[in-house]
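Atoms within a ligand are numbered from 1 in the order they appear, just like the ligands themselves. Just the heavy atoms: all of them, side chains too, but no hydrogens, waters or symmetry mates, feed the values below. Starting from 1, each residue takes its place in the sequence as its number.
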Amino acid sequence: MRINKYIAHAGIASRRKAEELIRQGLVTLNGQTVVELATNVKSGDVVEVEGRPIYNEEKVYYLLNKPRGVISSVSDEKGRKTVVDLLPDVKERIYPVGRLDWDTTGLLLLTNDGDFTDEMIHPRNKINKVYLARLKGIATKENLRPLTRGVVIDGKKTQPARYNIIKVDPSKNRSVVELTIHEGRNHQVKKMFEAVGLLVDKLSRTQFGTLDLKGLQPGEARRLSKKEVSQLHNAAVTKTK
Ligand code: URA
């Protein structure tokens with residue numbers, strides 16, 4: 001197996017990130033620094049990343065209902081609570097599939113499968129991510145329409161999104177809108193609404209591909225079944241496996 005795939009299978013990093021680690025000279029094979037990206041790993045070989053041996057563990061997939069106030073990473077140098085801290089009994093080295101902001105709640109996947117992560121987050125695979133946003137201001141078809149064609153955020157146009165106006169409360173100058181996107185750029189939903197003049201003051205992800213949060217309270221997680229994982233693979237337009 002190609003060494004970048006081996007590293008991704010071990011859940012250390014995506015294949016692309018693994019190539020970066022190799023270029024940085026951080027990967028060794030049987031004690032020798034790997035310089036060739038096309039290196040193959042055979043059974044019995046010892047691969048180390050940053051001096052730590054890696055081995056392929058069983059692939060696991062979890063669904064978390066992320067509460068507010070928790071960061072979407074594996075560890076935090078400031079000691080803040082992370083999403084991985086919410087699954088203390090998982091012994092595999094899982095990490096979040098993409099990110100939700102500190103103040104965003106809702107559906108977050110965690111896994112130790114780097115290829116699965118790539119497949120779920122790559123926009124070309126068009127996996128639906130559905131968000132429910134409470135907005136300051138009045139949402140109308142007219143002011144939301146640009147979202148369906150794409151708006152420019154951070155100098156780049158977003159892919160067309162779908163919206164559904166759930167509630168408008170003129171007395172409180174508030175609206176609730178559901179937004180479906182395929183991408184996962186930094187603060188994307190907040191910036192998309194900002195681009196049409198509406199400020200997000202509460203955000204939750206309610207669906208990811210074929211999954212929703214039924215039965216999970218904030219802070220609760222459960223393991224995905226094999227069937228749920230293959231349904232997610234099937235929802236992707238192109239497959240990495
Ligand atoms: N878009 C955002 O702005 N924040 C999130 O947490 C997720 C999507």
For ligand 1, find out whether one of its N or O atoms is nearer than 3.5 Å to an N or O atom of Thr104. yes
Against heavy atoms of His187, which atoms of ligand 1 measure under 4.0 Å? 1 (N), 2 (C), 3 (O)
How does Val200 reach ligand 1, if at all, at less than 4.0 Å between non-hydrogen atoms: by side chain, backbone, both, or neither? neither
Please answer whether the main-chain N or O of Ser204 pairs with a side-chain N or O of Lys66 as donor and acceptor at a distance below 3.5 Å. no
Pairwise side-chain contact, Leu87 with Leu110, heavy-atom cut-off 4.5 Å (strictly under): yes
Should the pair Asp76-Lys81 be classified as a salt bridge under the 4.0 Å nitrogen-to-oxygen rule? no
Does any N/O atom on Asp101 come nearer than 3.5 Å to any N/O atom on ligand 1? yes
Thr28 and Thr33: side-chain donor and acceptor closer than 3.5 Å? no
The closest protein heavy-atom partner of atom 7 (C) of ligand 1 is Tyr131 CE2, 3.5 Å
Tell me which part of Val189 gets within contact of ligand 1: side chain, backbone, both or neither, using heavy atoms under 4.0 Å. both
Testing Glu178, Arg205, Gln207 one by one against Tyr131 for a side-chain hydrogen bond (donor to acceptor under 3.5 Å, both in side chains), which residue passes? Arg205
